[in-house]
Amino acid sequence: MLVSAKEMLEKAKAGHYAVGQFNINNLEWTKSILQTAQEMNSPVILGVSEGAGKYMTGFKTVAAMVKAMIEEMNITVPVALHLDHGTYEGCYKCIEAGFSSIMFDGSHYPIDENVAKTKELVAVCKEKGLSLEAEVGSIGGEEDGVVGMGECADPKECKMIADLGIDMLAAGIGNIHGKYPANWKGLSFETLDAIQQLTGTMPLVLHGGTGIPADMIKKAIDLGVSKINVNTECQLAFAEATRKYIEEGKDQQGKGYDPRKLLAPGAEAIKATVKEKIELFGSANKA
Ligand code: 13P
């Protein structure tokens, strides 16, 4: 069932668990994530970066694929199709393409401009029934060419954006996209606590889910995080399983070169990663 992320995140916030956003890159990725969410009876958010959207030939292709898969695979758990780190123009393209949720990343604009653009998108999303994520304080690291320095968000600015009527708020708390460097200082729970105090029931989003230790994830959920984004970890799992298959020469045995065989270990590795995250985030059986 393709739905906005609003209700699933409100339930997660009230129930003290988080819903995973898993980014998709192609058909195998999407299939593996949907299958696992269904098996675990968990709500799920499919994240699409602008780069991944382009790679899959455009947002319309992505929306059509996801809708058809939900139907053909009999997926009954709530699924949100969500633009990840959207530009202003990208948001409108996804609204038109049939996404059920978007993120407008205005964190690189001066706060007044972030507020103005977010406000405009709140009205459009409300009218069309989509959920909207906004961001304050950039996420560190690089994702698909979007580079952030990783500074902590100002809780007062978070409140300003949260009050505009958005459905979820991404706030930088020292989190980074991609692998965490050895000298990473960890998440700033002080910042998270201050944001949660000011924003109340607003579901908070933790980007850069790859490589955050389980105890930090649990503490973040305790402090109001209801959506956790994971991208790199599925990519690493896919790459490792595929490398192993080829290094063992399995692509040269029988019809091991058949893409349905060649890509199967990677797809299984994505499923295992998603299963582990759903268990950690506590969203199993919450569909
Ligand atoms: P990772 O690639 O670090 O898991 O981050 C994913 C993310 O935050 C998507 O927006």
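Note that ligands are numbered from 1 as they come in the structure, with each ligand's atoms numbered from 1 the same way.
Of the N or O atoms in Val230, none lie within a sub-3.5 Å distance of an N or O in ligand 1. Residue contacts with ligand 1: Asn229 is placed with a nitrogen or oxygen under 3.5 Å of a nitrogen or oxygen of the ligand (distance criterion only). Backbone and side-chain nitrogen or oxygen atoms of His207 are examined, and one is located within less than 3.5 angstrom of a nitrogen or oxygen of ligand 1. Distances between N or O atoms of Glu233 and those of ligand 1 include no value under 3.5 Å.
If you number the atoms of ligand 1 from 1 as listed, the ones under 4.0 Å from a heavy atom of Thr232 come out as 1 (P), 2 (O), 3 (O), 4 (O). Heavy-atom contacts of Thr210 reach the following atoms of ligand 1: 1 (P), 2 (O), 3 (O), 4 (O) (cutoff under 4.0 Å). Of all atoms in ligand 1, listed by their number and element, those nearer than 4.0 Å to a heavy atom of Gly178 are 1 (P), 2 (O), 3 (O). Close contacts between ligand 1 and His177 involve ligand atoms 3 (O), 5 (O), 6 (C), 7 (C), 8 (O), 9 (C), 10 (O) [criterion: under 4.0 Å to a heavy atom].
Under the 4.0 Å criterion applied to side-chain N and carboxylate O atoms, Lys275 and Glu279 are assigned as salt-bridge partners. Electrostatic pairing of Asp163 and Lys159 counts as a salt bridge here, judged by a charged N lying under 4.0 Å from a carboxylate O. Salt bridge present: Glu248 and Lys244 bring a charged side-chain N and a carboxylate O closer than 4.0 Å. A salt bridge links Arg260 and Asp258; the closest N-O separation between the charged side-chain nitrogens and carboxylate oxygens is under 4.0 Å.
With a heavy-atom cut-off of 4.0 Å, His85 touches ligand 1 through its side chain alone. Residue-level proximity to ligand 1 for Asn231 is carried by backbone and side chain together, each with a heavy atom below 4.0 angstrom.
Side-chain rings of Phe238 and Trp29 approach one another, their centers coming within less than 6.0 Å.
Surrounding CD of Glu39 are more than 12 heavy atoms belonging to other residues, nucleotides or ligands, all under 6.0 Å away. More than 12 heavy atoms of other residues, nucleotides or ligands sit less than 6.0 Å from atom NZ of Lys126.
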Run the salt bridge (Lys or Arg N to Asp or Glu O under 4.0 Å) check on Glu113 and Lys117 step by step: do they pass?
-> CA-CA 6 Å; Glu113 198 172 348; Lys117 289 195 159 68; 2.8 Å; yes
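Gly209 counts as a contact of ligand 1, since one of its heavy atoms falls under 4.0 Å from the ligand.
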